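Notes to accompany the following structure.
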Amino acid sequence: MSSQLNLASYAADPFNSLGRRYQADDSATRNEFQRDRDRIIHSNAFRRLKHKTQVFLHHEGNHYRTRLTHTLEVAQIARSIARSLKLCEDLAEALALAHDLGHTPFGHAGERVLHEKMHDLGGFDHNIQALRLVTRLENRYAEHDGLNLTWETLEGIIKHNGPLMDSAGKPTPKYQKEGLPGGLDEPWAVADLRYDSYASLEAQAAAIADDIAYNAHDIDDALRAGLLSLEELRDVPPVGPIVQEVQSKYPLVDQDRQTHEVVRRLLTRTIEDVIVDAKQRLVAADIETIEDVRQANQTLIGFSHEMATAEKGLKSFLFDRVYRHKSVMDQVDRAQHIVAKLFDAYLAGEELPGEWKERAKVIEKEKMPRLVSDFIAGMTDPYATTEYNRLFDADEDFR
């Protein structure tokens with residue numbers, strides 16, 4: 001156990017961090033991962049999440065999740081998991097707060113367009129984009145570009161979903177079809193980020209917290225939007241038994257209250273499932289150190305087999321009934337059109353604003369697509385729409 005924080009022996013210890021790329025004075029009041037968390041929260045990219053789509057475009061109603069509110073929910077869940085497993089809550093929180101920084105306007109719709117446009121130049125990957133943001137594009141410090149985060153936070157940002165390659169340097173299954181994303185050879189951190197090893201347990205906690213959060217709040221938002229009813233969920237595990245339980249216990253309360261009871265129970269049960277299963281996996285794998293975690297050749301924090309099977313079915317149900325719903329897809333098509341037209345226009349010579357114009361003046365021609373990609377990825381939904389309307393004399397409005 002760490003003498004300072006009473007952490008498990010396999011937890012990330014902020015007092016033994018590999019450090020930052022640029023030397024920084026110690027803080028009298030915060031450990032290194034708390035400083036990372038604060039730098040992320042105070043970044044421009046974090047604030048922009050307020051106006052970036054989760055599933056339902058933020059213009060459609062004040063109560064739907066945005067990337068920002070989703071991120072805050074993920075951070076709360078990640079801390080809960082980390083606390084129960086005696087991991088470093090501060091690192092888990094920092095990684096949860098950073099996990100969506102690289103997302104484009106209009107959610108995955110925008111990401112798909114940028115990936116297609118950048119296909120011949122390494123594609124677009126929102127985790128790589130998050131690294132670009134925190135190491136290159138957030139330029140507010142006098143002595144360096146980026147936020148100068150610790151090695152452990154940068155490692156968690158790029159690897160929270162698992163290794164990118166195997167020990168032989170070959171892409172993991174996720175990247176086998178199209179190859180590894182461009183930019184991995186960049187000197188992001190103070191040391192090699194070890195793309196062939198697993199990330200810390202804190203990063204794994206943030207990753208599963210993301211799944212837990214969006215399953216629950218996508219159900220909540222879909223019910224609010226009228227795309228689903230509680231009755232349609234009664235036979236869908238793992239939420240179905242909870243719906244039946246709530247309707248049996250509270251038959252006379254309105255659907256809004258029943259929905260909240262369902263969602264909070266779903267959150268609690270999935271979080272508890274992860275914690276119980278993680279404790280069993282850590283013992284079974286004989287994990288004693290953080291290096292054991294990185295060399296375990298498996299994810300150590302995730303759903304139990306039973307819950308994972310049920311959760312896969314829930315994802316499939318939500319994909320068919322919510323994410324591919326006509327009302328959602330209509331918005332997706334419009335959003336993709338906007339992002340594609342913006343990219344083509346800027347690449348063809350349409351003037352970029354402010355500091356981006358100055359960068360475009362000195363950049364090599366072959367690097368211009370990445371500059372355009374960086375600029376568009378940082379846009380909020382409203383700004384992208386406004387720019388589209390300005391450039392194409394259009395009247396697009398998502399309300």
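Given the structure is predicted, the values throughout are model-derived calculations rather than measurements.
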**Asked** Any Lys/Arg nitrogen of R257 or E261 sitting under 4.0 Å from an Asp/Glu carboxylate oxygen of the other?
**Response** no
**Item:** Residues that E387 engages under salt bridge (charged side-chain N to carboxylate O under 4.0 Å, His left out), provided they are two or more places apart
**Value:** R390
**Asked** In the single-linkage hydrophobic clustering (I, L, V, M, F, W, Y; side-chain heavy atoms under 4.5 Å), do I287 and V274 co-cluster?
**Response** yes
**Request:** Please answer whether the main-chain N or O of H42 pairs with a side-chain N or O of R47 as donor and acceptor at a distance below 3.5 Å.
**Result:** yes
**Message:** For the NE2 atom of H160 and the OH atom of Y198, what is their distance to the nearest 0.5 Å?
**Reply:** 14.0 Å
Under 3.5 Å, which donor-acceptor pairs link side chains of residues 96-107 to any protein atom two or more places apart or in another chain?
from : atom 1 : to   : atom 2 : distance (Å)
H99  : ND1    : A96  : O      : 2.6
H99  : NE2    : H70  : NE2    : 3.3
H99  : NE2    : D210 : OD1    : 3.4
D100 : OD1    : H103 : NE2    : 3.2
D100 : OD2    : R67  : NH1    : 2.8
T104 : OG1    : G107 : O      : 3.0
T104 : OG1    : E111 : N      : 3.0

**Message:** Just to verify, which of D25, D36, D26 counts as forming a salt bridge (charged side-chain N to carboxylate O under 4.0 Å, His left out) with R20?
**Reply:** D36
**Asked** So E73 and T69, side chain to side chain donor-acceptor pair (under 3.5 Å) or not? Walk me through it.
**Response** CA-CA 6 Å; E73 292 178 18; T69 57; 5.1 Å; no
**Item:** Test item: E202 side-chain N/O and A12 main-chain N/O as donor-acceptor pair under 3.5 Å
**Value:** yes
**Request:** For residues I338 and A384, report the shortest heavy-atom separation together with the two atoms involved.
**Result:** CG2-O, 3.9 Å
**Request:** Take I128 and E186, measure what side chain to side chain contact (heavy atoms under 4.5 Å, CB included) needs, and give me the verdict at the end.
**Result:** CA-CA 10 Å; I128 291 281; E186 295 271 354; over 6 Å; no
**Request:** Before accepting this row, confirm whether a basic side-chain N of the pair R39/E138 lies closer than 4.0 Å to the acidic partner's carboxylate O.
**Result:** no
**Prompt:** Does CD belonging to Q23 count more than 12 external heavy atoms closer than 6.0 Å?
**Reply:** no
**Fill in**
Between the CG atom in L114 and the CD1 atom in I376, the distance rounded to the nearest 0.5 Å is 6.0 Å
**Message:** I need the I301 CD1 to S200 OG distance, nearest 0.5 Å.
**Reply:** 8.5 Å
**Prompt:** Less than 4.0 Å between a side-chain N and a carboxylate O, is that true for K361 and E358?
**Reply:** yes
**Complete:** Hits for ring pair (Phe, Tyr, Trp, His ring centres under 6.0 Å) against Y141, two or more places apart or cross-chain, chain-then-number order -> H144
**Request:** Tell me, please, which residues at least two apart from T172 pass side chain to side chain contact (heavy atoms under 4.5 Å, CB included).
**Result:** P163, Y175
**Request:** Using atom types as modelled and distance alone, determine if a side-chain donor or acceptor of D292 lies under 3.5 Å from a backbone N or O of T289.
**Result:** yes
**Request:** Measure the spacing between CE of M307 and CG of D211 and express it to the nearest 0.5 Å.
**Result:** 12.5 Å
**Asked** Is there a donor-acceptor pair under 3.5 Å between the side chain of R370 and the backbone N or O of L121?
**Response** yes
**Request:** Determine, using the 4.5 Å side-chain heavy-atom cutoff (strictly less than), whether V134 and L184 are members of one ILVMFWY cluster.
**Result:** yes
**Asked** Does a side-chain N-to-carboxylate-O contact under 4.0 Å join D273 and R269?
**Response** no
**Prompt:** Taking atom CD of E306 as the centre, does the number of heavy atoms from other residues, nucleotides or ligands within less than 6.0 Å exceed 12?
**Reply:** no
**Complete:** Nearest heavy-atom contact between L91 and T153 is CD1-OG1, 3.5 Å
**Asked** If every non-hydrogen atom of A189 is compared with every non-hydrogen atom of L154, which pair is closest and at what distance?
**Response** CB-CD1, 3.6 Å
**By salt bridge (charged side-chain N to carboxylate O under 4.0 Å, His left out) - contacts of D90 (at least two apart)** = R37, R79
**Asked** Taking Q336 for the side chain and V113 for the main chain, is one N or O donor matched with an acceptor at less than 3.5 Å?
**Response** no
**Asked** Run the side chain to side chain contact (heavy atoms under 4.5 Å, CB included) check on R21 and N148 step by step: do they pass?
**Response** CA-CA 6 Å; R21 188 175 181 191; N148 197 27; 4.1 Å; yes
**Request:** Enter the distance from R359:CZ to D374:CG here, rounded to the nearest 0.5 Å.
**Result:** 7.5 Å
**Request:** Answer with yes or no whether the side chains of E152 and S17 bring together a donor and an acceptor at under 3.5 Å.
**Result:** yes
**Message:** With clusters defined by side-chain heavy atoms of hydrophobic residues (ILVMFWY) lying less than 4.5 Å apart, directly or transitively, does L228 cluster with M329?
**Reply:** yes
**Prompt:** Is the backbone of D192 close enough, under 3.5 Å, to the side chain of W151 for a donor and an acceptor to pair up by distance?
**Reply:** yes
**Asked** Quick one: do V263 and V246 end up in the same hydrophobic cluster if we chain Ile, Leu, Val, Met, Phe, Trp and Tyr together by side-chain heavy atoms under 4.5 Å apart?
**Response** no
**Item:** Side chains of I77 and T270 in contact at under 4.5 Å (non-hydrogen atoms)
**Value:** no
**Message:** I'd like to know if the side chain of S316 and the backbone of K312 have a donor-acceptor N/O pair within less than 3.5 Å.
**Reply:** no
**Message:** Tell me if a side-chain donor or acceptor on W188 pairs with a main-chain N or O of T135 at a distance below 3.5 Å.
**Reply:** no
**Minimal non-hydrogen separation, L352 against W356, with atom names** = CB-CB, 3.8 Å
**Complete:** SG (C88) and CD (Q34) are apart, to the nearest 0.5 Å, by 8.0 Å
**Request:** State, yes or no, whether a side-chain contact exists between V262 and L223 at a heavy-atom distance under 4.5 Å.
**Result:** no
**Co-membership, hydrophobic cluster, residues L164 and L95, 4.5 Å side-chain** = yes
**Request:** Scan residues 277-325 for pairs that pass ring pair (Phe, Tyr, Trp, His ring centres under 6.0 Å), counting only residues two or more places apart or in two chains.
**Result:** none
**Message:** How close do L266 and I219 get, counting heavy atoms only, and between which atoms?
**Reply:** CD2-CD1, 3.8 Å
**Asked** Are the side chain of T268 and the backbone N or O of R265 linked by a donor-acceptor pair below 3.5 Å?
**Response** no
**Item:** Enclosure of D344 CG (heavy-atom neighbours >12, cutoff 6.0 Å)
**Value:** yes
**Asked** Is it true that the side chains of S248 and Q244 contain a donor and an acceptor less than 3.5 Å apart?
**Response** no
**Asked** Among E155, K159, R294, Q295, which residue meets the side-chain hydrogen bond (donor to acceptor under 3.5 Å, both in side chains) test with S197?
**Response** K159
**Asked** Between E245 and K249, is the closest basic N to carboxylate O distance under 4.0 Å?
**Response** no
**Complete:** When every non-hydrogen atom of A209 is compared with those of A78, the smallest separation belongs to CB-N, 3.6 Å
**Prompt:** Taking atom types as modelled, is there a side-chain donor on S84 or K279 under 3.5 Å from an acceptor on the other?
**Reply:** no
**Request:** Indicate whether any N or O donor in one side chain lies under 3.5 Å from an N or O acceptor in the other, for E396 and H337.
**Result:** no
**Asked** Got F46 and T71 here, is their nearest side-chain heavy-atom distance under 4.5 Å?
**Response** yes
**Item:** Side-chain ion pair, R65 and D218, N-O less than 4.0 Å
**Value:** no
**Asked** Going by atom types alone, do R281 and Q298 pair a side-chain donor with an acceptor below 3.5 Å?
**Response** no
**Asked** Hey, is the main chain of L300 close enough, under 3.5 Å, to the side chain of Q204 for a donor-acceptor pair?
**Response** yes
